Amino acid sequence: MTTNTCLCPTTRARRDLRRIEFFQGTLDSTSEITDARIFDTTLRDGEQSPRTSFNYEDKREIAAILDEMGTHVIEAGFPVNSDAEFEAVRDIAESTHVTTCGLARVVEKDIEAALDSGVDMVHTFVSTSDVQLQDSMHATRQEALDSAVESVERITEAGAECMFSPMDATRTSEDFLIEVIEATSDAGADWINIPDTCGVATPRRFYDLIEIVDAHTDARIDVHTHDDFGFASANAVSGFEAGASQSQVSVNGIGERAGNAAYEEVVMALESLYDVNTGIDTTRITELSRIVEEKSDIPVPANKPIVGRNAFSHESGIHAAGVIENSDTFEPGVMTPEMVGAERELVLGKHTGAHSVRERLVDAGYAPTDAEVREVTRRVKEFGAEKQQVTMSELERFAQEVGVDEESEEVRA
Ligand code: KIV
Ligand code: ZN
């Protein structure tokens with residue numbers, strides 16, 4: 001077992017918070033995406049995660065930070081769901097600067113509740129795949145189409161921004177999908193959202209689908225991707241590459257089943273890999289993730305991109321030694337921990353090399369000889385191999401056992 005120890009001050013001093021120059025090499029193109037907005041659905045689809053529920057204060061707190069960070073749209077909830085949900089959505093709409101959105105089925109009472117809640121945008125949806133029409137909605141294609149058009153007309157007449165989603169778009173027959181998109185666009189939808197409701201899309205197929213959709217609407221395109229096969233964020237980015245203007249994401253990727261495209265992954269891919277200035281304050285991503293982790297009760301895996309505890313941690317000898325010299329060696333280079341408000345960690349354990357041990361000992365005020373570093377490293381590896389945590393006090397114990405001298409005060413000054 002390894003230990004999580006803080007980044008050494010000497011390493012910290014060497015870093016500077018900068019926008020890293022784009023990497024050269026086989027993948028150095030950055031110009032595929034020009035327009036990219038982030039629609040956060042943590043408080044709606046995210047809350048639909050099994051066993052997750054946000055109370056009023058949770059919702060307000062999460063919405064406030066998303067707003068402060070510069071997220072473009074917050075889907076605050078499903079106003080018709082309950083009085084408490086309605087109040088939370090209403091108060092978020094009142095208290096934030098961001099565009100707020102409320103979800104509504106293509107049902108009058110849902111749409112009126114969303115409009116009454118004071119949101120700027122109403123997101124209305126209906127199933128369009130045959131499987132959902134038959135065995136979930138119990139409606140015909142024509143009924144779905146008519147209700148969709150009526151709902152879009154009502155929302156636009158009321159003066160709200162309108163987003164329409166043909167739910168399960170990726171399992172809908174292409175002809176019917178196009179018919180629904182054309183009809184709702186003609187009815188005035190500002191946004192057509194393409195949901196990959198059951199997460200069956202792959203990046204290339206999703207790209208092709210968004211190009212087809214784009215050819216049949218003047219509305220702006222938004223994408224909503226689920227992670228059943230682990231492609232949610234990749235599909236979201238693929239949607240942008242194909243011409244979508246906005247992607248629906250949730251913090252830590254929480255949401256129905258395996259969840260949604262992750263806010264942190266999509267935002268950082270846009271910023272760091274595509275050189276898109278989203279306008280979002282990425283330095284608060286780690287803070288946001290920790291808050292959502294706590295409130296949603298869904299632990300973030302250690303190896304989760306961007307926000308996992310291991311995302312900027314290094315233990316193995318070659319990697320840690322490289323990172324001590326230049327963090328670009330074994331990190332993306334275009335994304336640093338500072339950019340997301342995280343800290344780099346050099347973890348001591350079974351795979352640790354002498355460079356890390358020397359760095360940590362020097363940071364702790366020791367002046368080890370090469371032989372002493374080797375001996376302390378041997379003890380660290382042995383201890384780590386027994387699945388023991390090599391904490392800083394453990395390291396100091398080894399140093400003392402080996403007889404490493406502390407640096408004199410004059411040297412330190
Ligand atoms: O996954 C989905 O299709 C949804 C819709 C409400 C857009 O969440
Ligand atoms: Zn969804």
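Everything quoted here is computed from the prediction, not taken from an experiment. Note that ligands are numbered from 1 as they come in the structure, with each ligand's atoms numbered from 1 the same way.
With the Zn ion (ligand 2) as the vertex, NE2 of His226 and OD2 of Asp45 span 100° to the nearest 10°.
Here Gln248 has no heavy atoms under 4.0 Å from ligand 1, in either its backbone or its side chain. Residue contacts with ligand 1, taken as heavy atom pairs separated by less than 4.0 Å, involve Arg44 solely via side-chain atoms from C-beta onward.
For Asp168, no nitrogen or oxygen atom sits less than 3.5 Å from a nitrogen or oxygen atom of ligand 1, counting backbone and side chain alike.
Interface atoms of ligand 1 facing Thr197, defined by a heavy-atom separation under 4.0 Å, are 1 (O), 2 (C), 3 (O). Numbered from 1 in the order shown, with element, the atoms of ligand 1 that lie under 4.0 Å from a heavy atom of His226 read 1 (O). Using a 4.0 Å cut-off to heavy atoms of Asp45, the atoms of ligand 1 that qualify are 8 (O).
Note: Phe330 and His319 have parallel aromatic rings, judged against thresholds of 30 and 60 degrees for the angle between ring planes.
The distance between the ring centers of Phe206 and Phe231 does not fall below 6.0 angstrom.
Look at Glu256 and the Zn ion (ligand 2): no N/O/S atom of the residue is under 2.8 Å from the metal.
Using a 4.0 Å cutoff on heavy atoms, His123 counts as a contact of ligand 1.
Judged by the 6.0 Å distance and 45° axis criteria, Arg141 is positioned over the aromatic ring of Phe176.
Put simply, CE on Met163 and CZ on Arg220 are 10.0 Å apart, with the number rounded to the nearest 0.5 Å.
We find that Arg290 and Glu287 are not joined by a salt bridge, their nearest charged nitrogen and carboxylate oxygen being 4.0 Å or further apart. Checked for salt-bridge contact, Glu85 and Lys59 meet the test: a charged N lies under 4.0 Å from a carboxylate O. Salt bridge absent: Glu150 and Arg154 never bring a charged side-chain N and a carboxylate O closer than 4.0 Å.
Atom 4 (C) of ligand 1 has His224 NE2, 3.5 Å as its closest protein atom, hydrogens excluded (heavy atom only).
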